Amino acid sequence: LIQRALLSLLFVACTGNVTRIKALHVPEGSTDTRDHPIAARVHQAVALGDLRIDDDFPGGAFVAAAQVQGGVEITVAPENSPVNDSAWFAFRIQSATPREVKVTLRYTGGTHRYDPKLSADGEHWTTLDKNALTVAADKTRATMTLTLSGAPLYVAAQEVLTQDGFQPWLMELARHPFVARASIGKSVAGRDIDAVHVREGDTARDYLIVLGRQHPPEVTGSLALMAFVEALCGNGERAQAFRQRYETIVIPLINPDGVADGHWRHNLHGVDLNRDWAFFRQPETRAVRDALLALPKDRVAFAVDFHSTFKDVFYVLPDDAAPSPLAQDWIAAVAARLPSYQYRVQAVTTDVPAASIWLNRTFAVPAVTYEVGDETQRARLKEIAGAAADELMRLLLARR
Ligand SMILES: [Zn+2]
């Protein structure tokens with residue numbers, strides 16, 4: 001069993017210089033992927049004076065709401081511990097009449113991370129004005145001033161994008177004659193794990209693997225994955241040629257239960273799925289593994305696993321583990337195309353049971369963890385992901 005309190009990382013500067021940087025913290029015990037008990041998510045509605053606060057929608061999550069002097073306090077807690085400090089919250093708030101209200105998020109088991117996002121309909125989101133937010137020095141509390149119209153207002157850590165939210169996108173993709181949908185298995189709660197196959201005609205012989213959303217709050221990773229896949233499905237000559245040579249298998253939402261219940265990191269068994277890729281104790285990782293092992297092993301060319309973190313980062317395998325410089329060539333090509341793109345490249349150690357390591361070892365291919373910043377501007381992250389898809393198609397078409 002791999003139980004490392006610290007995951008050491010090498011830092012590869014964009015210039016190619018390799019320097020050791022400070023170790024990244026991995027909570028002790030968070031790499032134990034045996035089932036752990038979690039706090040059952042009780043979706044609730046609370047009436048406080050003329051206010052109604054609820055999390056009775058997919059992705060909704062808070063543990064308590066109470067009236068305090070000057071406003072309302074909402075308690076936020078993780079599904080279980082230890083867990084990465086990615087404090088997700090999502091609720092709806094409504095007042096009987098239009099007014100301002102002060103809402104304090106009280107974090108237990110973690111600290112404030114995400115700039116609150118607001119929506120009237122749960123689909124279109126804006127970021128709360130920075131002047132309307134005060135974060136305590138120790139980040140265990142964040143107080144926001146909300147302007148209520150009398151209609152419900154969604155307030156969430158990130159845009160709420162659950163399995164329901166993926167359905168219109170999947171349906172739209174499946175209108176292409178070269179896109180086929182499938183379910184590759186079930187989550188702990190019995191939700192389908194959706195897959196999309198993109199291939200044109202019957203000449204495709206090589207494979208690209210695209211994975212996403214092992215970690216529930218990582219919505220920006222999902223937004224990038226969607227833009228990336230849309231570029232693969234584009235009308236241009238390059239995309240068409242790519243689809244004729246390469247089949248892409250996309251598994252966009254590996255942890256639908258954690259997303260539905262507003263988890264900070266884990267599945268319904270309290271496990272970080274991206275630490276289960278040596279053990280396969282969880283049904284979600286087993287389903288993805290089995291779907292990928294059904295591909296002809298020596299025909300897989302490349303793999304990308306989408307995530308989110310504080311900044312835009314590409315995690316690559318160290319040079320001695322990667323079978324080709326294709327990953328570095330790809331990132332350099334994206335950077336050359338977007339001169340003001342701020343990003344880092346980091347080489348991971350290979351003893352962490354993450355998807356990218358398993359993909360590299362199983363298929364002997366470059367496997368890149370594509371991390372999108374939590375607050376990277378949405379139009380920008382889509383532009384970057386579209387360019388990244390285009391450059392990867394160019395490089396893979398030029399291969400051999
Ligand atoms: Zn992640």
Side-chain angles (χ1 to χ4, degrees), residues 2 4 7 9 24-27 29-33 59 61 78-88 110-111 113-114 157-163 166 187 193 209-228 250-278 282 284-285 288-289 303-317 343-350 352-360 367-376 381 384-385 388:
I2 296 166
R4 293 165 61 88
L7 155 64
L9 284 173
L24 254 190
H25 181 64
V26 174
S30 69
T31 57
D32 175 359
T33 66
E79 59 276 17
N80 66 312
S81 295
V83 66
N84 282 56
D85 195 359
S86 307
W88 177 266
T111 55
R113 169 164 174 178
Y114 300 103
Q158 296 284 31
E159 300 90 326
V160 174
L161 177 60
T162 66
Q163 190 167 40
F166 272 97
S187 66
I193 297 173
I209 295 169
V210 176
L211 306 181
R213 209 70 179 279
Q214 296 190 67
H215 298 141
E218 299 183 4
V219 175
T220 56
S222 285
L223 298 175
L225 176 148
M226 292 161 103
F228 186 93
V250 185
I251 306 171
L253 177 54
I254 295 176
N255 189 358
D257 298 345
V259 168
D261 280 353
H263 285 185
W264 292 17
R265 183 84 171 178
H266 300 153
N267 74 344
L268 272 195
H269 284 158
V271 167
D272 181 344
L273 295 177
N274 206 28
R275 299 293 178 267
D276 192 36
W277 288 81
Q282 299 304 320
E284 295 89 352
T285 40
V288 178
R289 175 197 62 184
V304 188
D305 182 20
F306 283 86
H307 288 257
S308 306
T309 187
F310 294 94
K311 299 279 180 199
D312 292 355
V313 181
F314 293 97
Y315 287 110
V316 298
L317 295 154
Y343 70 99
R344 290 183 304 171
V345 180
Q346 293 186 347
V348 289
T349 54
T350 50
V352 175
S356 64
I357 309 302
W358 181 83
L359 289 161
N360 167 256
V368 175
T369 306
Y370 185 128
E371 298 265 6
V372 182
D374 294 332
E375 309 300 344
T376 301
L381 72 83
I384 295 164

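Just the heavy atoms: all of them, side chains too, but no hydrogens, waters or symmetry mates, feed the values below. Please read these numbers as outputs of a predicted model, since none were measured by experiment. Counting starts at 1 for both ligands and their atoms, in listed order. The first residue of the sequence shown is numbered 1, and numbering continues consecutively from there.
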Heavy-atom pair of closest approach, residues Ser86 and Tyr114: CB-OH, 3.4 Å
Lys/Arg cation over aromatic Tyr315: Arg344, 6.0 Å, 45° cone: no
Side-chain donor-acceptor contact under 3.5 Å, Thr111 with Asp85: yes
Residues Gln158, Thr220; criterion side-chain contact (heavy atoms from CB on, under 4.5 Å); working and verdict: CA-CA 8 Å; Gln158 296 284 31; Thr220 56; 4.2 Å; yes
Test side-chain contact (heavy atoms from CB on, under 4.5 Å) applied to Asn274 and His215, step by step: CA-CA 8 Å; Asn274 206 28; His215 298 141; 3.6 Å; yes
Protein N/O/S atoms closer than 2.8 Å to the Zn ion (ligand 1): His215 ND1, Glu218 OE1, Glu218 OE2, His307 ND1
Asp261 versus Ala61, closest heavy-atom pair with distance: O-CB, 4.0 Å
